[in-house]
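Input: a single structure, listed below in structure tokens.
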Amino acid sequence: MTNLQELSISTEAAENVRRIISQYPADKKKSALLPVLHIVQNETEGWLTINTMDNVAKLLEITPIEVYEVATFYSMYHIEPVGKHVIEVCQTGPCMICGSEKLVHYLEKKLGILVGQTTPDGMFTLKTVECLGACGYAPMFQIGETYYENLTEEKVDQILDSLLSATSSNI
Amino acid sequence: MARKLLLELADIPQIQNIDTYISHGGYRSLEKALKKMTPDEITEEVKKSGLRGRGGAGFSTGLKWSFLDKSTDKPRYLLCNADESEPGTFKDRYLMEKLPHLLIEGMILSSYALGSNTSYIYIRGEYMFVLRKLEKAIQEAYSKGFLGKNILNSGFDLDLYVHPGAGAYICGEETALIESLEGKRGNPRIKPPFPAVSGLWGCPTIVNNVESIAAVVPIINDGGDEYAKIGLGKSTGTKLISASGNIQKPGVYEIDMGITVEEFIYSDEYCGGMKDGLELKACVPGGSSVPILPRHLLFRESNGDSRRMTYESLSEGGFTSGSMLGSGGFIVYDEKQCIVRNTWNFARFYHHESCGQCSPCREGTGWMERILHNIENGRGTEDDIQLLWQVQKNIEGNTICPLGDAAAWPVAAAIRHFRHEFEYHVKYPERVFDADHTYQPEIQQTYSLTT
Ligand SMILES: Cc1cc2nc3c(=O)[nH]c(=O)nc-3n(C[C@H](O)[C@H](O)[C@H](O)COP(=O)(O)O)c2cc1C
Ligand code: SF4
Ligand code: FES
């Protein structure tokens, strides 16, 4: 799979892509599209460029439009730059009646941005999303693969602080 | 203390490890099923158990399996529906996180019954942390010889994979799920053909919910007849209920079907009653798609009997005075909650999640969202309430998949049972809007004073 190199992803990710493609019949490579886009997006600063999507198309032997229409249909793919950490607050009914609106306002104030925006330092993007399957542990948000549940303002402060300090110690 | 068929082992430390799971009796069903029973005998047990699909529709699992087209030489597929995106529902996640091996064991039994040699678990993309646990558990099952070639020398082969979605409620609908697994947008297909005849890659396919598949394990271990002894009437067995909202103890509970709604809400074994000493105002008993019920209809059937946690009892009275068990997403509202705001929130959800293929759903959900937004924010008129009623009616029954109905029913039920709140919003626009978008508790009271 020479096309894998064009994706310029880590060897581990490339290994994962190979494994995933093998999970579907050889003539049904397109089925690997969703999982492959997840892996690639993780490796490319959290969003998909046209170039990346074209390379995925080549890899799976499908046309670019088949990738674009999927990338735009599903809410987890980003086709524009996002912050290092995307905070996805659940805003659906059960969370709403347990305080998700307050949580959103608190985050907006704390980060100095509105929903849909990214902080100027590129650290945080604030998003609202629909029910994440954590309704009994509301209010909650997801950052990356992690769920943060039963949130209070203090907990939010701690979470954001620890994400910030983890990043600064990496530099 | 209710018996637990699914969650019995849930709180045992390290139960996610295969050795712990086996030492507590896990995977013992395989010897019996794969070596001593034919696939048809398994389907027969599932039929006897009376198990009904736990994904929402409540269709007999055994009957569905018997529709699988076995006359072609095409491969057959079993897909597990772990998309779980219906607002209020988080039971499948709980089951998979706590007991990944229970689902895998159920997948092996069910795949054997259906003759599927490659099966997939389609899990919503946001549950990536659950997917990783499942993949680890699947690796363990391969290493024990429970997956792969010639499982336990039975001659049966099975490969099992987990496939992530990427954020789209509609992919929980079974044909949209299949499209999504084929690497496409999640647009539901027109039926017929049904998946049992032409599903994944055009092959005969069965789609079942996580909880339905897990329930096959106790059914095989104890026999379908034993399973059918639990429950009430045609609602056999136990059911996972995910409880959320303004209650003391939100969470996932396994109940014997047939306990009363009142017991479920107020007993300490389950929800533990209402939070903050407030009164219960309303409840959505089966996920956001089912009709909301006000307190006075929630606890009693129309003949005065206690309403029970079963498919039949929750739907007693039809849409005039009943609701549905649905996915078991049980959402409880206290007296401070604004029904209009909640209805708007759900309408926005369905508008956002409509795949856009059929105009009644694509346009209708948008109309409902906008009208409700206006009413909620004090900009609605009496005519808007009428228009809203008309729009929901025009969606229902006129779409390719049931998402249209799922969007229409909650709106219809809210108007049916809480029309006074809509009218109050229209009458007193200045009172229903405050800077924080929170509900003013005096709304209900003031209204009743003025009527
Ligand atoms: C819009 C929509 C969303 C659905 N979401 C789910 C879901 O998340 N999980 C699920 O098991 N079934 C869901 N269903 C029901 C499935 O189409 C299907 O009936 C079910 O997976 C069958 O499994 P069961 O017979 O075991 O219940 C959904 C249906 C619709 C119309
Ligand atoms: S009813 Fe809605 S979600 Fe279902 S196919 Fe039509 S447009 Fe798509
Ligand atoms: S409503 Fe927020 S997680 Fe379900």
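In this text, all values refer to a predicted model and were calculated from it rather than measured experimentally. Per chain, numbering begins at 1; letters A, B, ... match sequence-line order.
The part of Y137(A) that comes within reach of chain B is its side chain, from C-beta onward, which places non-hydrogen atoms under 4.5 angstrom from that chain. Of the atoms belonging to V130(B), not a single heavy atom falls under 4.5 Å from chain A. For E135(B), the part sitting under 4.5 Å from any heavy atom of chain A is the side chain, from C-beta outward, and nothing else. Residue contact with chain A, scored on non-hydrogen atoms closer than 4.5 Å, is absent for S242(B). Residue contact with chain A, scored on non-hydrogen atoms closer than 4.5 Å, is absent for L131(B). Neither the backbone nor the side chain of T343(B) comes within contact range of chain A, judged by heavy atoms closer than 4.5 Å. Using a 4.5 Å cut-off between heavy atoms, V284(B) makes no contact with chain A at all. Residue A138(A) does not touch chain B at all, counting heavy-atom pairs closer than 4.5 Å. Interface remark: L181(B) contributes backbone and side-chain atoms alike to the contact with chain A (heavy atom separation under 4.5 Å). Of the two parts of E353(B), only the side chain, counted from C-beta on, holds a non-hydrogen atom closer than 4.5 Å to a non-hydrogen atom of chain A. With a threshold of 4.5 angstrom between heavy atoms, Y120(B) approaches chain A through side-chain atoms but not through N, CA, C or O. Residue contact with chain A, scored on non-hydrogen atoms closer than 4.5 Å, involves the side chain of R93(B) exclusively.
Counting heavy-atom pairs closer than 4.5 Å to chain A, the top-ranked of the candidates R124(B), H352(B), R132(B) is R124(B). Of all the listed residues (K91(B), E84(B), K184(B), K275(B)), the one sharing the greatest number of non-hydrogen pairs under 4.5 Å with chain A is K184(B). When each of G144(A), G93(A), A32(A) is checked for heavy-atom pairs under 4.5 Å with chain B, G93(A) comes out on top. Per-residue counts of heavy-atom pairs under 4.5 Å with chain A were compared for A168(B), G125(B), P75(B), S85(B); the largest is that of G125(B). The most heavy-atom pairs under 4.5 Å with chain A, out of S244(B), S180(B), A166(B), come from A166(B).
Residues P35(A) and H163(B) come closest through the heavy atom pair CD-CE1, 3.6 Å. Among all heavy-atom pairs drawn from C131(A) and P87(B), the shortest one is SG-CA, 3.6 Å. Between I97(A) and N246(B), the closest heavy-atom pair is O-ND2, 3.3 Å. Residue L132(A) comes nearest to E126(B) through the heavy atom pair CD2-CG, 3.5 Å, listed as atom of the first residue, atom of the second, then distance. Pairing each heavy atom of Y127(B) with each of G133(A), the nearest pair is OH-CA, 3.4 Å. In plain terms, the two heavy atoms of P94(A) and F346(B) that are nearest each other are CD-CE2, 4.1 Å.
The closest side-chain heavy-atom distance from T89(B) to C135(A) is not below 4.5 Å. Taking 4.5 Å as the limit, every side-chain heavy atom of M128(B) sits out of range of all side-chain heavy atoms of M76(A).
Between the OH atom of Y24(A) and the CH2 atom of W201(B) there is a distance of 7.5 Å, given to the nearest 0.5 Å. Atom OG of residue S31(A) and atom CD1 of residue I178(B) lie 11.0 Å apart, to the nearest 0.5 angstrom. W344(B) contributes atom CH2, which lies 7.0 Å from atom CE of M96(A) (distance to the nearest 0.5 angstrom). The OH atom of Y169(B) lies 11.0 Å from the OG1 atom of T92(A); values are rounded to the nearest 0.5 Å.
Of residues 155-162 of chain A, not one residue has a non-hydrogen atom less than 4.5 Å from any non-hydrogen atom of chain B. Taking non-hydrogen atoms and a 4.5 Å limit, the residue list of residues 63-74 of chain A in contact with chain B, ordered by number, reads E69(A), V70(A), F73(A), Y74(A).
Here the side chain of N345(B) pairs a donor or acceptor atom with the backbone of Q91(A) at under 3.5 angstrom.
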